[in-house]
Number of protein chains: 2
Amino acid sequence: MADVARRAGVSMATASRALSNHPHVAAETRRRVLAAAEQLSYVISPEASRLAGGTTGRVAVVVPHLSRWFFATLLDGLESVLREADLDVLLYHVGDADDRRDFFHRLPARRKVDAVVVLGMPVADGERERLESMGVHIVAAGGQVENYPYVSIDDGEAGRQAVDHLLLLKHRRIGMIAAVDPTEPGWPANPGRSRAYHEALAAAGLPADPGLVVTVPWGGLSGADAMARLLSLREPPTAVYAHSDEVAFGAIHTLRRAGLRIPGDMSVVGIDDHPMAELADLTTVAQPVREQGTAAGRLLLSLLSGAETGGGLTVPTRLVVRGSTAPPRR
Amino acid sequence: MADVARRAGVSMATASRALSNHPHVAAETRRRVLAAAEQLSYVISPEASRLAGGTTGRVAVVVPHLSRWFFATLLDGLESVLREADLDVLLYHVGDADDRRDFFHRLPARRKVDAVVVLGMPVADGERERLESMGVHIVAAGGQVENYPYVSIDDGEAGRQAVDHLLLLKHRRIGMIAAVDPTEPGWPANPGRSRAYHEALAAAGLPADPGLVVTVPWGGLSGADAMARLLSLREPPTAVYAHSDEVAFGAIHTLRRAGLRIPGDMSVVGIDDHPMAELADLTTVAQPVREQGTAAGRLLLSLLSGAETGGGLTVPTRLVVRGSTAPPRR
DNA sequence: ACCCCGACTGGAAACGTTTCCGATCACGCA
DNA sequence: TGCGTGATCGGAAACGTTTCCAGTCGGGGT
């Protein structure tokens, strides 16, 4: 930068001000500095800038399952608005319990970022403490973290939409395939989505039959297993509500293999509106995933600019009826 | 750090050496310094460290399609080995042509990283120039970039495995659904995978029928369209080779909807071994995606530690036969 | 007993910005 | 004409490390 200043015939102080768009710099001076910088193809050193300035211009994004569509899409949305704002994204993938422990213990992002975004995972109390010890802004998206400014869907509402749809079709024996995160043994299956099932059945005056609920680790293969278990019941359901589309895909696979017709012999509904759902002709409750990412990004931006953005933002879900649901066979 | 040094009763120079594991520090001294650091829960300032040291400890990862399984999985693998090595991952998603132009023009990663990893995308000549002007190491993974140390599969070999499988089943009319990247209009469909098709047919003494090749933008829906087009031929193929599993899923959807049986009426083979392929019972050529990411990471690590790692690494693919292929109906 | 050497440590100069604090200067107003 | 005022700019002190360059000190070889 000294070179630039010299070439523009100003002091470093002025050069710095001109380059970072400070007020109180004469237009002509600024022009000269910018021209000089251009000619020397000068690029500011972020390290030095941050050292002197205080902020890092970076945001840590913590994500538990990078290769799953939901998380990757969330990240996609988030990254796009952060990039727009010239913030860099530091990616931390905490795949399994070990990674997770390590991340919260060592806090590799400490001192490296201005904020942390937690994508689609609950944060335990001890973890929250560690996170807060970093002294930066924290935002959550796509999960059920109420302790921070967050963006998320209403899982209860989503589940209700799915189950009510089946009830409206006059199904009376409805199974649920609940999915737990395989890498976090401690956590229960998505509580909102489970509760919605029980509440909707109760509201319809239907008896609760624990045998109709199967809980499996998340994933397509598990969904297939779960469906097999439901089929082996003395009196199988006529419809199945899966916690997510991927799980539903597994269920469909089992049904096909068993020679059952969808929706003739069994209706299936999922949650997510995974891109593959359209191809699988799956009725599902759509949630705007990418938008949750962008909304979280904007939330973070306003936080960084000093706003006192309090609570969270709940985005709407909507039922998408396709060919996998129909009234039960008489 | 001054505090730590004082508390340990040493100079800052020594404290720095102790903390960064330099040789020539007495064991006892190091112990004292580390203890002091621990007590003060001291965390080094990366900015200052980088400023003085020269390296950044960061790696830029450029990826064109974050939410697609293939890229996300590649990234997953890469991130895991970089994290292991205590390198931070700076994520740059260049979704469309605009993003791309912007990235290579502004080079937002300049001066911020020690290396760049390009995931699954070809790099044009002009872009290569810009990239190299950053003066850092460059590694490619999952794509067909020969100009840099890379990790990738042999697309020709993969295509050959797929088409040969169909030929071995005695198919004589084999269609191909070629996929082009929708965000990069200039680039052709994967050349290796296309060439393999033509070569395999020629080797089997079959005539080339341009009508049997349909080129569509990448994606499931496009795959469905492409299949519809193939079905509308006067003499449709008895088997289809799709450039990727996702495209094959679309094709399957169309076939189902048309009431055709798989593999009875039509065999389908893809490339990738997408997690959903197992559920869709799709015969495919599996490629080790995550491993390509980790291999690229290790390649980069060795480069950063000064090795003269020349060319690239080609990882093997293997045919996975499932239920979507069978001999043609007589 | 003397010298050389290597292990260890300290002082201080970078590294490249931002920003505080004055200094200068032109200008409008009394 | 004298003076307050605000815009503009320069000097220099941070920011928190790493590392070069000496300097000290104990010990082994002769």
Side-chain angles (χ1 to χ4, degrees), chain A residues 1-37 40-58 86 88 107-114 134-136 304, chain B residues 1-37 40-58 86 88 107-114 134-136 304:
Chain A
M1 175 149 117
D3 292 342
V4 174
R6 200 170 320 123
R7 187 182 191 108
V10 298
S11 74
M12 281 188 47
T14 306
S16 170
R17 279 188 284 254
L19 289 171
S20 39
N21 262 329
H22 270 268
H24 295 300
V25 172
E28 163 61 12
T29 308
R30 166 164 298 140
R31 203 195 48 67
R32 275 215 319 283
V33 173
L34 293 183
L40 297 174
S41 73
Y42 160 82
V43 191
I44 204 167
S45 154
E47 319 298 341
S49 171
R50 304 322 188 183
L51 214 213
T55 67
T56 68
R58 270 172 251 134
D86 250 317
D88 283 314
L107 288 184
R110 187 159 35 167
R111 299 261 248 152
K112 292 184 191 162
V113 296
D114 298 332
M134 288 177 58
V136 298
L304 285 178
Chain B
M1 173 149 118
D3 292 342
V4 174
R6 200 170 319 123
R7 186 181 192 110
V10 299
S11 75
M12 281 189 47
T14 305
S16 171
R17 279 188 283 256
L19 289 171
S20 40
N21 261 329
H22 269 270
H24 294 299
V25 173
E28 163 60 11
T29 307
R30 165 164 301 141
R31 203 196 48 65
R32 274 216 318 284
V33 172
L34 293 183
L40 297 174
S41 72
Y42 160 82
V43 192
I44 204 168
S45 153
E47 318 298 341
S49 170
R50 304 323 187 182
L51 177 55
T55 67
T56 68
R58 269 172 252 136
D86 250 316
D88 283 315
L107 288 182
R110 187 160 36 169
R111 300 262 246 151
K112 292 184 191 163
V113 297
D114 298 332
M134 288 177 58
V136 299
L304 285 177

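Below, chain A is the first sequence line, B the second, and so on; all start at residue 1.
The NZ atom of A:K112 sits 17 Å away from the P atom of D:dG16 (whole-angstrom rounding). Summarising the geometry, the separation between CE on A:M1 and P on D:dG10 is reported as 12 Å, rounded to the nearest angstrom. A:R50 places its CZ atom 18 Å from the P atom of D:dT17, with the value rounded to the nearest Å. As a whole-Å value, the separation of B:N21 CG from D:dT18 C1' is 15 Å. Taking atom CD of A:E47 as the reference point, atom P of C:dT18 lies 13 Å away to the nearest angstrom. C:dG11 atom P lies 13 Å from atom CZ of B:R6, rounded to whole Å.
The CE atom of B:M12 lies 10.0 Å from the CZ atom of B:R6; values are rounded to the nearest 0.5 Å. Of the inter-residue distances, the one linking A:R58 atom CZ with B:R58 atom CZ reads 3.5 Å to the nearest 0.5 angstrom. Considering NZ of B:K112 and CG of A:D88, their distance stands at 3.5 Å, rounded to 0.5 Å.
Residue B:S49 places no side-chain N or O under 4.0 Å from the OP1 or OP2 atom of D:dG16. In this structure, A:H22 reaches the C:dT19 phosphate: one of its side-chain N or O atoms is under 4.0 Å from OP1 or OP2. OP1 and OP2 of C:dC8 both lie 4.0 Å or more from every side-chain N or O belonging to B:T29.
Between A:V136 and A:D114, the closest heavy-atom pair is CB-O, 3.4 Å. Among all heavy-atom pairs drawn from B:V10 and B:V33, the shortest one is CG2-CG2, 4.0 Å. Of all non-hydrogen atoms in B:R111 and A:E47, the two that sit nearest each other are O-OE2, 4.1 Å.
Considering only the side chain of A:H24, D:dA7 comes nearest among D:dG16, D:dA7, C:dA7. With C:dT9, D:dT17, D:dC15 as the candidates, the nucleotide lying closest to the side chain of B:M12 is D:dT17. The side chain of A:L51 lies closest to D:dG16, out of C:dT17, C:dG11, D:dG16. Closest to the side chain of B:S45, out of D:dG10, D:dT17, D:dA7, is D:dT17. Ranking C:dG16, D:dC9, C:dG10 by closeness to the B:T14 side chain, first place goes to C:dG10.
Each of B:G53 and B:P23 was assigned the nucleotide of DNA chain C with the nearest heavy atom; the assignment lying further toward the 5' end belongs to B:P23. Position along DNA chain C of the nearest nucleotide to B:A15 versus A:A2 favours B:A15 as the more 5'-ward residue. If you find the closest nucleotide of DNA chain D to A:R30 and to B:S20, the one lying nearer the 5' end belongs to A:R30.
A:A13 comes within contact range of at least one nucleobase, with a heavy-atom separation under 4.0 Å. Within the 4.0 angstrom heavy-atom criterion, base atoms lie near B:S16. At a threshold of 4.0 angstrom between heavy atoms, the contacts of B:R111 are confined to the sugar-phosphate backbone, with no base atom among them.
For A:R17 and D:dG10, a side-chain-to-base donor-acceptor distance below 3.5 Å is present, hydrogens and geometry of angles not being considered.
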